[in-house]
Amino acid sequence: MTPELYEKWNNLWNEKKLFLFDGKDTKRKLFVIDTPPPFTSGEMHIGQAFWVCYIDAIARYMRFKGFSVLYPQGWDTHGFPIELAVEKLHGKGLPRQEFYSKCEEFAREKLDLMKRQMLGLGASFDPGREYVTMTKDYMRRVQLSLIIMNDKGMLYRGRHPVEWCSYCGTSIAREETVEKESETALNYIDFMVDGKPLTIATTRPEMLHACVALAVNPKDDRYRGLIGKAAITPIFSRKVTVIGDDSVEKEFGTGAEMVCTFGDKADVTMAYKHKLETIDAIDESGKLKNAGKFTGMPVKDARKAVIAELQAQDNLKKSEQTRHTVKVHDRCGTKIELLSSIQWFIRSKEFAGKIKELANDISWAPEFARQRLIDWSDFIEWDWNISRKRVFGTPIPFWYCAKCGHVVPPFEEDLPVDPAVDKAPAKSCEKCGSHEIVGERDTCDVWVDSSITPMVVAGWPDDMELFKRAFPATMRIQGLDIVRTWAFYTILRCWALADDKPWRQLLLHGMILDTTGKEMHKSTGNGVSPEELMTKYPVDAIRLWAALSGGIGKDKPFSYEEINFANSFIVKLTNSSKFVKGLVAGKDIPHDAPHKDLGAFDLWILDRLNTVVGEVEDAYERMNLYEAMTKLINFYWHEFCDYYIENVKYRVYSKEAKDQAGATAALYTLRHVLLSCLRLVAPVMPYTAEEINAEYSQVSLFEGGLPPHRPREPGSGYIINGVVFRSAVMDFDYTKVGAVLNDIIADVRKAKAAKRISLNKEITSINIKVPEEYYTAVLASKDEISQICKSGSVSVSKDREYSVTVDV
RNA sequence: GGGCCCGUGGUCCAGUGGUUAAGACGCCAGCUUUACACGCUAGAAACAGGAGUUCGAUUCUCCUCGGGCCCACCA
């Protein structure tokens, strides 16, 4: 299919406004889809191509079913990676406004690129329903959502240890960290307890100044007696207490450790648990604080200096190399420090129960994904830190009193605001009267932006009429890998704002891995780019590949063999349709089935079609595109093409007048099966289906619906070649008769193959023995068998065992 | 250490308390058959291992082994 054809059908669909959502249409039932807004930092990747194809097929199917489908597409534009990219392009140090504009420009450029690529895959989202997180309109909604949450007391500003990246100069959330293994020294240091030395082991001697306790395991006989006693820190000579804590492992180091604020998270936990005092150890630029003569030293330098000092004082017993993992910032690779600072938080820990409740009210596919969210909810330790010391983000829309910390929200009509530059909405603090009202300079974590998408797509807060109908969304599709972030935060925020679950159904997809089953990474260069696939394969082949990529929620290696297979089905469909078209062209074929002229094979394939329509629809209903397409392909290729078409060729080629009724019946059936199958594949392969359909109809496939599926009526009797059968008498139906007849033909083919003669070759006779119940039906189809198998004579007799013999 | 998922022909991937365990890629043997050799016909080839529940297990339970993901810890 040429690019012009894609253009042609896209234009037609656009002209007819087939994919636009009409919010005023209250007659049809709504189907609302919440799709992931891709992060606009580069090209579309294969995983995105996968879900775009997948969800688009579902959207098209639902339109077929008569739903009014609200299928928008958004773009997640804010974020640190774009700031990094812009810094790379334009250097550091641009003024805030200019820097923001450059980021905007960059994001817009990538957004346009990705949108082109998505549309290139045939995505049928409604362009009028697009949202972009960096627009004023979107930020207004985000800010409003925060004001509401603040009013509800779900937002607070507080001092709290946060994971901090000193390179980026910002706090980050737990999910922005990755683990990295590295080599470091484990140092054995002496503390004095009761005038005797107690050796502890630490990898962070530079934290010594913030040491607030020593900890040992209370079950450790060596140290049990020391619990509660005072210890003196070396260098700083601070008096600290020895505490007992189960988290201390007897086997590690010496079995004794120092507790600092905040060396690592275990320290924080212990500090809370044992109500220890805290000492700010490190400042925001990664330099030591409150550390006497070491104050102001970067961590690395301080480590050396402290070690040197300990050595000088003969307090360093030994130092051994060890491997350990540290948390680093996923964007820049800098080691994360914990430090206490003033941040904005959304209360989440206390709502874990509510989130679990909502999660149980949502249907999850696959079901096991629900457990991931529940596990995560159970593990929340801290509230959600939403402030980022970045520029390219939605400003946190608050001012606060520098004296008492009272939060001053903006007026709703002023949104969006940027408190970093805008004038405060109040001159003085209503709580303490202070005139020092300060605008917040921090921006929001990007998940704050994206955690209200189901509300935004439903029109919140402007079109509340629509919102009432379109929220909760019918479904969201998203990656299994971001359940604990996007899904979690969306459930939390939508519940806080709208008091409901965000969607009725969640469809979680896995990752597309490389051909060897490993994750695709830019650094390893094992990626497969959709752009490249699109130059090699028709769009429909990529879409069919996505549909055939196995069960939902499973990771799947990418495979060229599979996309080749998808492509070969498109070729098969195209070729077979050409064949049918060539036969029916210029013929007068009835619109309705010519019942009295239908032969056993016609009835068989029509019966099978009826069954397959039901099965495929059922699979679509369950969003199981794999099953839908597998069933359809097997039917179309191996039953319709390989058997039916071959079986009726002799009829449609016949020039004799007496055969014309049978020929017409066959042509009717050929056309009917083809056109029905087109409707079944159209959601997945819209271009191919539309192109073929256009040869028969002026009306777009997407203006119509699915082919009708009629439940079979038992006991109504059957007519084959003028012979009437009743199912009450014989336990069979068209499908069973067809299967027997096809078996006979297959056996003749086998016999020919065994004798190494061409299938086309005339043979003398076929002798068929069939059990009683099939005798009449087979006998009635004698002539057809003879013609199809090119046999001089066919004899049919009853026997207990079925058998076919052939005389050449 | 905790949790979750998965082990089906050489490869990928369906499926089921009773099936001749589907299909695709690959392989082997044939076939110019008036749509298609990106085709057609035929063929070889699989339920990780063990125990249990059951009349019957590939399917349910447990264990072992193997693979993956997530979380926690790593002073």
Side-chain angles (χ1 to χ4, degrees), chain A residues 174-175 179 181 184 186-189 200-205 207 211 214-216 245 247-249 252-260 263-267 269-270 322-326 366-372 374-376 378-379 381 480-481 483-484 510-511 513 515 517-519 541 548-551 553-583 624 626-627 629-631 633-634 637-638 641-643 645-646 649 652-653 745-746 748-761 790:
Chain A
R174 184 156 57 126
E175 39 287 335
E179 292 183 346
E181 203 175 334
T184 190
L186 182 62
N187 303 286
Y188 291 74
I189 301 169
I200 62 100
T202 180
T203 56
R204 304 212 60 185
M207 300 298 285
C211 175
L214 294 188
V216 297
D245 195 288
S247 71
V248 182
E249 280 183 42
F252 190 93
T254 62
E257 65 176 89
M258 64 175 187
V259 182
C260 308
D264 63 36
K265 218 160 105 191
D267 287 352
T269 312
M270 262 193 264
T322 179
R323 290 193 73 79
H324 71 163
T325 45
V326 292
E367 175 63 35
F368 71 75
R370 184 203 313 269
Q371 196 58 38
R372 290 215 179 167
I374 289 173
D375 289 350
W376 181 253
D378 285 335
F379 259 102
E381 286 173 30
L480 200 50
D481 53 331
V483 165
R484 68 198 171 103
M511 307 256 273
L513 307 170
T515 50
K518 292 192 184 68
E519 275 184 42
L548 290 175
S549 286
K554 284 190 180 179
D555 291 352
K556 181 74 170 61
F558 180 79
S559 151
Y560 283 99
E561 286 77 25
E562 284 173 18
I563 199 164
N564 281 332
F565 169 72
N567 191 43
S568 67
F569 178 68
I570 288 165
V571 172
K572 187 80 186 177
L573 183 58
T574 307
N575 279 326
S576 54
S577 75
K578 254 190 248 162
F579 175 68
V580 172
K581 183 65 197 170
L583 292 171
N624 191 334
Y626 176 88
E627 194 182 319
M629 286 301 101
T630 304
K631 287 244 159 76
I633 291 170
N634 286 338
W637 198 324
H638 303 302
C641 289
D642 291 351
Y643 275 85
I645 288 184
E646 294 304 324
K649 273 183 179 170
V652 298
Y653 288 137
I745 291 162
V748 175
R749 283 174 177 171
K750 269 182 214 173
K752 285 187 178 181
K755 293 184 195 324
R756 309 214 156 175
I757 55 177
S758 142
L759 293 178
N760 209 15
K761 179 130 172 141
K790 298 197 193 301

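In what follows, every chain begins at residue 1, and chains take the letters A, B, ... in the order their sequences are listed.
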Would a 4.5 Å heavy-atom cut-off, applied to side chains only, mark V259(A) and D245(A) as touching?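 With C-beta onward as the side chain, the pair stays apart.
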As a test of reading the structure: which of [options] is closest to the side chain of [X], going by heavy atoms?
X       : options                : result
R484(A) : A35(B), U41(B), C70(B) : C70(B)
E249(A) : A42(B), A35(B), C73(B) : C73(B)
K750(A) : A35(B), G43(B), C13(B) : G43(B)
P557(A) : A35(B), C12(B), C40(B) : C12(B)
V571(A) : C38(B), C13(B), C74(B) : C38(B)
Y626(A) : C5(B), C13(B), A35(B)  : C13(B)
N567(A) : C12(B), G23(B), C38(B) : C38(B)
Y643(A) : A42(B), A35(B), C12(B) : A42(B)

Mind checking [X] for me? I need base, sugar-phosphate or nothing, with any heavy atom below 4.0 Å counting as a touch.
X       : value
V483(A) : nothing
C641(A) : base
E257(A) : base
D481(A) : nothing
K649(A) : base
E646(A) : base
T203(A) : sugar-phosphate

Rounded distance (nearest 0.5 Å) linking atom [atom1] of [X] with atom [atom2] of [Y]:
X       : Y       : atom1 : atom2 : result
L480(A) : M511(A) : CG    : CE    : 9.5 Å
E561(A) : T515(A) : CD    : OG1   : 8.5 Å
K649(A) : L583(A) : NZ    : CG    : 9.0 Å
R204(A) : E257(A) : CZ    : CD    : 13.5 Å
N187(A) : I200(A) : CG    : CD1   : 8.5 Å

Nucleotide [N], atom [atom2] - distance to [atom1] of [X] in whole Å:
X       : N      : atom1 : atom2 : answer
E367(A) : C6(B)  : CD    : P     : 12 Å
K790(A) : U33(B) : NZ    : C1'   : 8 Å
D267(A) : C74(B) : CG    : C1'   : 12 Å
Q371(A) : C5(B)  : CD    : P     : 8 Å
I745(A) : A42(B) : CD1   : C1'   : 16 Å
D375(A) : C4(B)  : CG    : C1'   : 7 Å
L548(A) : A14(B) : CG    : P     : 11 Å
K554(A) : C70(B) : NZ    : P     : 18 Å

Test side-chain contact (heavy atoms from CB on, under 4.5 Å) applied to F565(A) and I633(A), step by step:
CA-CA 11 Å; F565(A) 169 72; I633(A) 291 170; 4.2 Å; yes
OP1 or OP2 of [N] under 4.0 Å from side-chain N/O of [X]:
X       : N      : answer
H638(A) : A22(B) : no
W637(A) : C40(B) : yes
K556(A) : C6(B)  : no
Y653(A) : A35(B) : yes

* Is F379(A) stacked on the base of C71(B) when the test is centres under 5.5 angstrom and planes under 30 degrees? ->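 By the stated criterion, F379(A) and C71(B) do not stack.
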[atom1] atom, [N] versus [M]: distance in rounded Å?
N      : M      : atom1 : result
U41(B) : C5(B)  : P     : 41 Å
G17(B) : G7(B)  : P     : 15 Å
C4(B)  : A57(B) : C1'   : 24 Å
C12(B) : C47(B) : P     : 16 Å
U59(B) : U54(B) : P     : 16 Å
U20(B) : G30(B) : C1'   : 24 Å
A46(B) : C62(B) : C1'   : 25 Å
U19(B) : G67(B) : C1'   : 29 Å

Let's test this: given Watson-Crick or G-U wobble pairing with both distances under 3.5 Å, identify the partner of [N].
N      : value
G10(B) : C25(B)
G1(B)  : C71(B)
A46(B) : none
C60(B) : G52(B)

(request) Hey, which sits more toward the 5' end of RNA chain B by its nearest nucleotide, V326(A) or F565(A)? (result)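 Counting from the 5' end, the first nearest nucleotide belongs to F565(A).
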Given that R372(A) and N564(A) both sit by RNA chain B, which one's nearest nucleotide is further toward the 5' end?
->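 The answer here is N564(A).
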Member of K556(A), E519(A), K518(A) meeting the side-chain contact (heavy atoms from CB on, under 4.5 Å) criterion with L513(A):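 Exactly one pass, corresponding to E519(A).
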query = In terms of side-chain geometry, is the basic nitrogen of E646(A) or R749(A) positioned less than 4.0 Å from the acidic oxygen of its partner?
reply =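 Judged by the 4.0 Å cut-off on N to carboxylate O distance, E646(A) and R749(A) do not form a salt bridge.
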